[in-house]
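One structure is given here, and the rest of the page talks about it.
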Amino acid sequence: MAWYKEWFGTRYYKLLYGHRDEQDARAWVDVIVQRGALEPGMQLLDLGCGRGRHARLFAEHGLQVTGIDLSSASIDDARSEGPGVEFHVHDMRKPFARERFDAVVCLFTSLGYSEDRAHDQQAMENAALALVPGGLLVLDLLNGALVREGLVEEECQRSGSVFFTIRRCVEGNDIVKRISVSEGGEQQQFMERVHAWTRPEVCTMVEATGLRIESVTEGPEPLPFDDARSPRIVVWARKPSPAGAEPDQRP
């Protein structure tokens with residue numbers, strides 16, 4: 001079983017990353033809505049939505065939000081906490097919609113989980129397919145160079161009766177995190193493996209879909225991306241209108 005199919009659906013994942021609070025998510029959402037000129041009633045697709053913390057906040061802005069994720073456990077949580085948002089269990093590597101959404105977001109490094117970059121390219125092709133002409137893509141991935149430089153090789157965390165030992169290393173072009181979970185005298189082992197993204201390969205992947213990149217920032221503050229400083233690679237891109245069509249009038 002792929003590591004992400006096993007790990008994301010566990011209660012331990014939720015415990016370990018419970019510090020990702022609403023304030024952090026709201027910072028991302030507010031910037032995307034403002035910078036992307038998204039208006040109430042527009043359709044937004046959240047790729048790899050997890051438990052829906054961003055999707056719920058986009059809905060508060062009056063957007064018609066759909067969230068998809070591979071983890072059925074995450075989608076169950078999202079549905080219980082995000083009424084008014086449409087959630088589906090779906091693999092983003094498979095097409096979901098054609099020219100339906102005004103915006104597609106893929107936040108918090110939801111690509112790069114397999115060793116085959118063709119899987120990520122297919123997900124981006126499907127994201128572009130789902131956008132209406134003039135629609136916005138926001139893709140947020142880790143800056144692999146900065147993660148490599150500041151890698152913490154081992155740390156421990158506790159959440160109630162659960163004790164986590166986390167060991168990190170670089171294997172090829174991936175950042176690998178091995179997570180040992182101790183609870184009630186029993187131990188379980190999990191893993192995360194994420195591609196160490198670089199700006200050139202992210203931009204190449206997006207441009208290969210036919211989308212036009214408007215800017216690359218470090219997010220959630222939309223500051224210009226800097227390879228040596230920025231923790232995130234955030235690509236803002238638009239789907240061009242067909243030749244001969246009326247130009248997009250949105251700001």
Side-chain angles (χ1 to χ4, degrees), residues 1-9 13 17 20 25 28 32 44-55 66-71 74-75 78 88-97 101 103-131 135-148 168 170-177 191-211 213-220 225 227 230-239:
M1 180 184 293
W3 68 263
Y4 45 87
K5 293 183 179 180
E6 179 184 19
W7 172 228
F8 287 159
Y13 177 85
Y17 294 112
R20 294 171 182 165
W28 280 95
I32 291 170
L44 180 140
L45 176 63
D46 187 352
L47 294 180
C49 66
R51 291 176 166 84
R53 65 190 183 116
H54 296 99
T66 301
I68 63 172
D69 198 277
L70 193 61
S71 168
S74 294
I75 290 297
H88 298 275
V89 178
H90 186 82
D91 188 334
M92 69 175 74
R93 293 170 295 186
K94 299 178 181 179
F96 180 76
F101 294 97
V104 174
V105 300
C106 186
L107 305 175
F108 207 73
T109 308
S110 294
L111 294 180
Y113 295 165
S114 79
E115 296 181 14
D116 189 348
R117 299 282 71 76
H119 292 174
D120 304 313
Q121 186 65 56
Q122 187 59 60
M124 284 297 94
E125 294 286 350
N126 293 331
L129 181 67
L131 283 169
L136 172 71
L137 171 76
V138 181
L139 174 62
D140 160 44
L141 298 170
L142 62 81
N143 179 1
L146 202 65
V147 173
R148 287 172 183 262
R168 301 178 181 87
V170 177
E171 295 183 1
N173 290 318
D174 294 342
I175 308 297
V176 178
K177 182 187 296 184
M191 183 183 73
E192 295 179 12
R193 177 184 291 272
V194 179
H195 183 62
W197 292 99
T198 67
R199 172 179 175 162
E201 65 182 341
V202 174
C203 290
T204 297
M205 177 173 62
V206 172
E207 289 173 335
T209 69
L211 299 181
I213 295 176
E214 294 182 335
S215 63
V216 183
T217 67
E218 67 175 31
F225 177 80
D227 291 273
S230 301
R232 319 289 301 176
I233 305 169
V234 185
V235 175
W236 303 73
R238 292 260 181 201
K239 185 172 185 174

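These numbers come from a predicted model, not from an experiment.
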Atom [atom1] of [X] and atom [atom2] of [Y]: how far apart are they, to the nearest 0.5 Å?
| X | Y | atom1 | atom2 | result |
| --- | --- | --- | --- | --- |
| Trp236 | Ile213 | CH2 | CD1 | 13.5 Å |
| Met205 | Arg117 | CE | CZ | 8.5 Å |
| Trp197 | Cys203 | CH2 | SG | 11.5 Å |
| Ile233 | Glu218 | CD1 | CD | 11.5 Å |
| Leu47 | Phe101 | CG | CZ | 9.0 Å |
| Leu44 | His54 | CG | NE2 | 11.5 Å |

Residues at least two apart in sequence or cross-chain that pass side-chain hydrogen bond (donor to acceptor under 3.5 Å, both in side chains) with Gln122, listed by chain then number, are Asn126
Any side-chain heavy-atom pair of [X] and [Y] under 4.5 Å:
| X | Y | value |
| --- | --- | --- |
| Arg51 | Tyr13 | yes |
| Trp28 | Val234 | yes |
| Thr217 | Ser230 | no |
| Leu111 | Met124 | yes |

Self-check item: Residue pair Ile175, Val170: steps toward the side chain to side chain contact (heavy atoms under 4.5 Å, CB included) verdict
Solution: CA-CA 5 Å; Ile175 308 297; Val170 177; 4.0 Å; yes
**Q.** Chi angles and distances behind the side chain to side chain contact (heavy atoms under 4.5 Å, CB included) call for Ile32, Leu107
**A.** CA-CA 11 Å; Ile32 291 170; Leu107 305 175; 4.0 Å; yes
Which pairs with one or both residues in residues 194-210 pass salt bridge (charged side-chain N to carboxylate O under 4.0 Å, His left out), sequence neighbours excluded?
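Non-adjacent pairs meeting salt bridge (charged side-chain N to carboxylate O under 4.0 Å, His left out): zero.
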What salt bridge (charged side-chain N to carboxylate O under 4.0 Å, His left out) pairs are there with at least one residue in residues 138-147, not counting sequence neighbours?
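The answer is Asp140-Arg232.
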What class does the angle between the rings of Phe8 and Tyr4 fall in, given that below 30° is parallel, 30 to 60° is tilted and above 60° is perpendicular?
->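 If you compare the ring of Phe8 with that of Tyr4, the planes turn out tilted.
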[X] versus [Y], closest heavy-atom pair with distance:
| X | Y | result |
| --- | --- | --- |
| Ala130 | Leu45 | CB-CD2, 4.2 Å |
| Leu129 | Pro95 | CD2-CB, 4.2 Å |
| Met92 | Gly48 | CE-N, 3.6 Å |
| Gly52 | Ala78 | N-CB, 4.0 Å |
| Arg53 | Ala25 | NH1-CB, 3.7 Å |

Has [X] got a side-chain atom pairing as donor or acceptor with [Y]'s backbone, closer than 3.5 angstrom?
| X | Y | answer |
| --- | --- | --- |
| Thr109 | Leu142 | yes |
| Asp69 | Ser71 | yes |
| Asp174 | Arg193 | no |
| Lys239 | Ala128 | yes |

**Request:** Go through His195 and Leu141 one step at a time and tell me if the side chain to side chain contact (heavy atoms under 4.5 Å, CB included) criterion holds.
**Result:** CA-CA 9 Å; His195 183 62; Leu141 298 170; over 6 Å; no
What residue among Thr66, Val105, Ile68 forms side-chain contact (heavy atoms from CB on, under 4.5 Å) with Asp46?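 It is Val105; the other options fail the test.
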Decide yes or no on side chain to side chain contact (heavy atoms under 4.5 Å, CB included) for Leu211 and Val235, but give the supporting numbers first. CA-CA 11 Å; Leu211 299 181; Val235 175; over 6 Å; no
In this structure, is the centre-to-centre distance between the rings of Tyr17 and Phe108 below 6.0 Å?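 No, the ring of Phe108 stays outside the 6.0 Å limit from the ring of Tyr17, centre to centre.
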